[in-house]
Amino acid sequence: MPKVSVIMPAYNAALYLEESVNTLIKQSFQDWELLLVDDCSKDETATIAKELSSKDNRIHFIKKEKNSGSADTRNQGIKLAKGEYIAFLDADDLWEYDFLEKMIPFMEQNNSPFSFSSYRIIDENGFEFCEPFIVDSKTYSYKNLLFYNRVGLLTAIFHVPSVGKKYFDPSLKSLRDDYALWLDILRDGKVAYANSATLARYRVRRGAATSNKKKVMLAHFRMLKNREKLNPFFAFFLTLIHGFMGIRKYRIKS
């Protein structure tokens, strides 16, 4: 059984897929499996994924029969995962070579059920155009995360024996489904341990950081009100905080 199961959904990801997978292959920590799930891509994603899996038996390629979005696609991988830990790496994001080497011992030393780290923000060409997103090395509770989600999906890892297999909510239509999952993990009193080390690179399209804000904030509000059962006024207040912090997150480097 592998120590870590890495979940990678892919949809029309041919441009970056091999680069992303290679950052896993080159990890200094090698006890892992990759569940690479293709969500019915229309480009060469499946061809590239098959080739990568043929070269490394730790890479398991799964091709879905119907396109259903990233939440369901990640869930397909989670269902098949065999690892003690489950981590997430999207098909255009990158891990530093020592991501797992630093995160797994960090979690073991702290007996952590759920952890995450700081990360850099890069554009389509890999250029770091924003200030890194830095988290403080401390614990975060459910209440802390309600006020602001500091967890970058590409750095999140949870310990299956501690929290069980947790799944994304497809009904959220891939909007705030990761945030909802972190709240699920912490809802019963568990805490997340943050590692301030900058261990990953999150890829965004220039301009995308501020686009569709209205749609995202509406989804955020609805998730807090309907799923977390918060008072509508409190949910609206928290949504405003997230919106403000989200703008600060993408500060252009000077």
Side-chain angles (χ1 to χ4, degrees), residues 1-9 24 27 29 31-37 60 62 69-90 93 95 99-119 135-172 174-197 199-200 202 220 223-224 226-230 238:
M1 183 178 76
K3 187 79 169 179
V4 183
S5 294
V6 182
I7 311 302
M8 179 179 287
L24 175 58
Q27 287 292 300
F29 181 100
D31 189 7
W32 52 263
E33 66 170 351
L34 173 63
L35 290 308
L36 203 175
V37 189
H60 310 292
I62 303 100
S70 60
D72 180 68
T73 304
R74 291 191 183 97
N75 288 345
Q76 295 284 332
I78 294 171
K79 288 175 185 176
L80 297 171
K82 299 176 181 178
E84 179 182 351
Y85 293 89
I86 290 181
F88 303 94
L89 180 63
D90 280 359
D93 292 333
W95 281 349
F99 175 79
L100 292 174
E101 181 187 7
K102 289 187 175 177
M103 288 298 291
I104 299 305
F106 173 81
M107 295 184 72
E108 291 175 336
Q109 290 162 13
N110 290 288
N111 195 26
S112 173
F114 176 47
S115 284
F116 57 98
S117 79
S118 303
Y119 57 90
V135 297
D136 294 330
S137 286
K138 63 179 185 180
T139 58
Y140 292 86
S141 66
Y142 173 85
K143 185 177 180 180
N144 294 145
L145 249 65
L146 271 183
F147 276 86
Y148 183 51
N149 176 27
R150 297 163 176 84
V151 184
L153 175 66
L154 74 164
T155 73
I157 305 179
F158 67 82
H159 185 234
V160 177
S162 298
V163 305
K165 281 196 174 182
K166 295 289 187 180
Y167 294 93
F168 294 85
D169 185 348
S171 72
L172 296 176
S174 299
L175 283 171
R176 291 302 191 249
D177 54 306
D178 55 340
Y179 181 32
L181 178 57
W182 317 148
L183 293 174
D184 284 349
I185 292 172
L186 300 181
R187 185 176 287 107
D188 64 356
K190 293 183 175 64
V191 295
Y193 286 74
N195 187 336
S196 63
L199 299 174
Y202 173 56
H220 190 101
M223 189 274 290
L224 292 176
N226 300 331
R227 200 172 188 277
E228 301 304 310
K229 308 300 182 184
L230 298 184
L238 293 178

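Every heavy atom of this structure was used, including side-chain atoms; hydrogens, water molecules and symmetry mates were not. For the single chain, residues carry numbers from 1 onward in sequence order.
Looking only at distances, a side-chain donor or acceptor of Gln27 sits under 3.5 Å from a matching main-chain atom of Leu100. Side chain of Ser5 to main chain of Ala81: no donor-acceptor pair is present (N/O by atom type, distance under 3.5 Å, no hydrogens or angles). The backbone N or O of Ser196 lies less than 3.5 Å from a partner atom in the side chain of Ser118, making a donor-acceptor pair. No donor-acceptor distance shorter than 3.5 angstrom exists from the side chain of Glu84 to the backbone of Val160, with no hydrogens or angles considered.
Under a 4.0 Å N-O distance rule, the pair Arg227/Asp184 qualifies as a salt bridge. A salt bridge links Asp188 with Lys190: the distance from a Lys NZ or Arg NE/NH1/NH2 to an Asp or Glu carboxylate oxygen falls below 4.0 Å. With respect to the salt-bridge test (charged N to carboxylate O, under 4.0 angstrom), the residues Lys3 and Glu33 do not qualify.
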**side-chain contact (heavy atoms from CB on, under 4.5 Å) between Ile104 and Ile157, worked out** = CA-CA 9 Å; Ile104 299 305; Ile157 305 179; 4.3 Å; yes
**Asked** Is there a side-chain hydrogen bond (donor to acceptor under 3.5 Å, both in side chains) between Ser115 and Ser112 once you walk through the steps?
**Response** CA-CA 7 Å; Ser115 284; Ser112 173; 2.8 Å; yes
**Request:** Evaluate side-chain contact (heavy atoms from CB on, under 4.5 Å) for Tyr179 paired with His220, printing each intermediate quantity in order.
**Result:** CA-CA 9 Å; Tyr179 181 32; His220 190 101; 3.3 Å; yes
**Request:** I would like to know whether Leu24 and Val6 meet side-chain contact (heavy atoms from CB on, under 4.5 Å); could you show each step before the answer?
**Result:** CA-CA 9 Å; Leu24 175 58; Val6 182; 4.0 Å; yes
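Between Tyr85 and His159, the angle of the ring planes lies from 30° to 60°, which puts this pair in the tilted group. Aromatic ring orientation, Phe168 versus Phe88: perpendicular (interplanar angle above 60°, classes split at 30° and 60°).
A distance of 4.5 Å separates CD1 in Ile7 from CG in Leu35, rounded to the nearest 0.5 Å. Atom CG of Asn110 is separated from atom OG1 of Thr139 by 9.5 Å, given to the nearest 0.5 angstrom. Here OG of Ser174 is found 10.0 Å from CG of Asp169. Values are rounded to the nearest 0.5 Å. Here the straight-line distance linking atom OH of Tyr202 with atom OH of Tyr119 works out to 7.0 Å at 0.5 Å rounding. Remark: Lys166 NZ to Asn75 CG distance equals 12.5 Å, nearest 0.5 Å. A distance of 11.5 Å separates CG of Asn149 from CG of Asn144, quoted to the nearest 0.5 Å.
Smallest separation of non-hydrogen atoms from Ala180 and Leu172: CB-CD1, 3.7 Å. When every heavy atom of Pro170 is checked against every heavy atom of Ala71, the shortest pair comes out as CA-CB, 3.9 Å. The minimum heavy-atom distance linking Ala200 with Leu154 is given by the pair CB-CD1, 3.5 Å. Closest non-hydrogen pair, Val4 versus Ala87, comes out as CG1-CB, 4.2 Å. When all heavy atoms are compared, the tightest approach of Tyr142 to Glu228 is OH-OE1, 2.5 Å.
The local environment of NZ in Lys165 is crowded, with over 12 non-hydrogen atoms from other residues, nucleotides or ligands closer than 6.0 Å.
Contact of the Leu145 side chain with the Leu183 side chain is registered, since non-hydrogen atoms from C-beta on lie closer than 4.5 Å. You'll find the side chain of Tyr167 stays beyond 4.5 Å of the side chain of Gln76, heavy atoms only. At least one side-chain heavy atom of Leu224 sits under 4.5 Å from a side-chain heavy atom of Leu146. Considering only heavy atoms from C-beta on, Arg74 comes within 4.5 Å of Asp90 through its side chain. Residues Leu199 and Trp95 are not in side-chain contact: their nearest non-hydrogen atoms beyond the backbone lie 4.5 Å or more apart. Within the 4.5 Å cutoff, the side chain of His60 has no heavy atoms near those of the Leu34 side chain. Between Leu80 and Ile62, some side-chain heavy-atom pair lies under the 4.5 Å cut-off. Put simply, the side chain of Phe99 does not reach to within 4.5 Å of the side chain of Asn195, judged on heavy atoms.
When the options Trp182, Tyr193, Phe116, Phe147 are evaluated for a ring pair (Phe, Tyr, Trp, His ring centres under 6.0 Å) with Tyr140, the one that passes is Phe116.
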